There are 2 protein chains.
Amino acid sequence: MLVNSSARRAAMRKPKAPAANRARILRAAIAEFAARGYEGASMDAIAARTRTTRALINYYFGAKTSLYRAVLEHVYGEIREAEARLDLEHLPPREAIRRIVEFTFDYYLAHEYFVRIVVAENQARGRHLRRSRAMRSLNRPIIDRIARVLARGVAEGVFRPGLDPVEVHKAIAALGMFNVTNQYTFGAIFQRDMGARGDVARRRDTVADIVLSYLTHRPEEETRDVRSASS
Amino acid sequence: MLVNSSARRAAMRKPKAPAANRARILRAAIAEFAARGYEGASMDAIAARTRTTRALINYYFGAKTSLYRAVLEHVYGEIREAEARLDLEHLPPREAIRRIVEFTFDYYLAHEYFVRIVVAENQARGRHLRRSRAMRSLNRPIIDRIARVLARGVAEGVFRPGLDPVEVHKAIAALGMFNVTNQYTFGAIFQRDMGARGDVARRRDTVADIVLSYLTHRPEEETRDVRSASS
DNA sequence: CGTCGATTTGACGGATACGTTAAATTGATT
DNA sequence: AATCAATTTAACGTATCCGTCAAATCGACG
């Protein structure tokens, strides 16, 4: 059977497996774009990662630009899907926020390629994102989820009123991403291992503390108007 | 004299101005590396921005790598210098922190090229930073400044004890940078203008609120152990 | 005025990048 | 087994990119 197998392998060196090849190419493209950015990424390098040729990539995805757009849509789709499984409604508001923060922090850490592609797209000034029709409707749900938790918290008197869910999401994303995006400069300069081997739990708790401190209602303090000043 | 001047200009089409050329090249390199990252940046493009040739750049700075290293050291030197002028000692702790946050936020916004180069260096996994001898000692002062303010605040009872100045700096940097680094993806997806034309004052205040909420001492709450759990 | 060293340029060579096209391979169908 | 369409490859052409080197330019100084 081993002989047979090796004979088959010789004959079928290129079994036609369009779906598998397409997926393989996408994975390779994600890795390459994440590692070197849009301009730094090389179609040859992607082809090398797949054991196929550059021409085949073109056959499936068209030119570099549209391959990259496919990557963009794929990785954003993945995180949206993961967020959809969060299941926050049965948690008290503070726990729900902590859950979101921890999920986000861990997701970024475990899917560094996602973060790096977001960075790459920003380096490209959002050029490709703008041209992707699919991206527009893609990321509203997380804001709605946060808004519902905030509303519950305000109703229960544990969160301060007037909070903007987009701004809260921004803070969570910013604090979580920084640990990944800036691990090399910040980590090197301040001697902190900010990768998965550093003290992850402690950094994650810090982020949750920061966010929850901000949301917490403190009746004794002067209330700061967080909405835009309308004179 | 004007005739003389124009005659001179014709004759001196290439006046030898080593210092000026060196500076011009550095500025052009900063712009190009900031715009397209290390791998995306092209020596030809840098040369084009300077009205000189690629060979001259090599004459002054050596190869692309060492030019980039010079850029890195220069932009980090600039922000360190600006931070040194902060003058926090005569401000009460909360005001001092607010001052740091606002300075940082504004600096990132006004010197987008700095942020973009930090991003680029992280995309390169800190490869060049590691090879720069000058970078090691360069960024300690900001931590000391924050530490002193925190100590004063704890002594006065307005800040909670056990705070890690590096973690505080990290939060300030993360929240400030995000508004620049992610303006294209975040801004596009959530319809926020996060550039200098958005509601800058409001976003800056939000960051200051977040940081100050975190630092504030709240005696009635259960104290959370922020140091690593020993045992 | 002529020489010298510092500065600047034009041109070359080798490497890599990207997309296309014509041909080859293969699984399925008749 | 012959054919067909989908899949895959090899090779080509053009463009760009980077570092070097020999030669040209220029300011200063004797």
Side-chain angles (χ1 to χ4, degrees), chain A residues 5 7-29 31-33 35-71 120 123-124 127-128, chain B residues 4-29 31-33 35-71 120 124 127-128 131:
Chain A
S5 154
R8 279 175 64 88
R9 183 166 308 153
M12 299 170 60
R13 264 201 345 282
K14 298 294 170 186
K16 307 233 163 164
N21 268 349
R22 204 171 196 286
R24 208 196 322 269
I25 290 172
L26 193 60
R27 275 203 309 272
E32 172 75 4
F33 282 122
R36 323 216 304 172
Y38 177 74
E39 309 217 48
S42 137
M43 299 292 278
D44 284 309
I46 296 174
R49 286 175 193 260
T50 66
R51 297 288 216 136
T52 67
T53 62
R54 213 176 53 245
L56 187 62
I57 300 177
N58 231 286
Y59 176 70
Y60 279 123
F61 292 93
K64 190 179 184 182
T65 303
S66 61
L67 171 61
Y68 178 75
R69 211 179 314 145
V71 165
Q123 184 181 63
R127 196 176 352 139
H128 313 89
Chain B
N4 187 355
S5 154
S6 97
R8 278 173 67 88
R9 184 167 308 154
M12 298 169 61
R13 266 202 342 282
K14 297 293 171 187
K16 308 234 165 166
N21 269 348
R22 202 171 198 287
R24 208 195 323 268
I25 290 173
L26 193 60
R27 276 203 307 272
E32 173 74 4
F33 282 121
R36 325 216 304 173
Y38 177 73
E39 310 217 47
S42 137
M43 298 293 277
D44 283 309
I46 296 175
R49 286 174 194 259
T50 66
R51 299 288 215 134
T52 66
T53 63
R54 214 176 53 245
L56 187 63
I57 300 177
N58 230 287
Y59 176 71
Y60 278 122
F61 291 93
K64 192 180 184 182
T65 302
S66 61
L67 171 61
Y68 179 75
R69 209 179 316 145
V71 165
R127 194 177 352 139
H128 312 90
R131 286 184 188 151

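We name chains A, B, ... by the order of the sequence lines, and we start the count at 1 in each one. Only a predicted model underlies this, so the values are computations on that prediction, with no experimental measurement involved.
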Completion exercise
From OH of Tyr60(B) across to P of dA6(C) the rounded distance in Å is 12 Å
Handout entry: Distance in Å, Phe33(A) CZ paired with Ile46(A) CD1, rounded so as to fall on 0.5 Å steps
Key = 4.5 Å
Practice task
Return no unless some side-chain N or O of Thr53(B) is found under 4.0 Å from OP1 or OP2 of dT9(C).
Solution key: yes
Fill in the blank from the handout: From CD1 of Ile46(B) across to C1' of dC18(D) the rounded distance in Å is 12 Å
Collect all protein-nucleotide pairs involving nucleotides 16-19 of chain C in which both atoms are nitrogen or oxygen and the distance is under 3.5 Å.
from	atom 1	to	atom 2	distance (Å)
dA17(C)	OP1	Ser42(A)	OG	3.2
dA17(C)	OP2	Asp44(A)	OD2	3.3
dC18(C)	OP1	Ala41(A)	O	3.2
dC18(C)	OP1	Met43(A)	N	3.4
dC18(C)	OP1	Lys64(A)	NZ	3.1
dC18(C)	OP2	Met43(A)	N	2.7
dC18(C)	N4	Arg54(A)	NH2	3.4
dG19(C)	OP1	Lys64(A)	N	3.3
dG19(C)	N7	Arg54(A)	NE	3.3
dG19(C)	N7	Arg54(A)	NH2	3.0
dG19(C)	O6	Arg54(A)	NH2	2.1

Practice task
Return the 5'-most residue of the pair Tyr59(A), Ala55(A) with respect to DNA chain D, ranking by each residue's nearest nucleotide.
Solution key: Tyr59(A)
Exercise for the section: Please state how far atom OH in Tyr68(B) lies from atom P in dC18(D), giving the value in whole angstrom units. Expected result: 15 Å
Exercise for the section: Answer yes or no: is there a donor N or O on one side and an acceptor on the other, between the side chain of Glu32(A) and the main chain of Ala45(A), under 3.5 Å? Expected result: no
Exercise for the section: Scan for salt bridge (charged side-chain N to carboxylate O under 4.0 Å, His left out) pairs involving residues 52-65 of chain A, sequence neighbours excluded, and state none if there are none. Expected result: Asp44(A)-Arg54(A)
Handout entry: Separation of atom CG in Asn21(B) from atom C1' in dT8(C), rounded to whole Å
Key = 9 Å
Problem - Length of the CG-P vector between Leu56(B) and dC26(D), whole Å - result: 14 Å
Fill in the blank from the handout: Of all heavy-atom pairs linking Thr50(A) and Ala28(A), the shortest is CG2-CB, 3.4 Å
Practice task
Write down the atom of Arg49(B), the atom of Ala31(B), and the distance for their closest heavy-atom approach.
Solution key: NH1-CB, 3.5 Å
Practice task
Using the six-membered ring of Phe61(B), assess whether NZ or CZ of Arg22(B) lies under 6.0 Å from its centre and within 45 degrees of the ring axis.
Solution key: yes
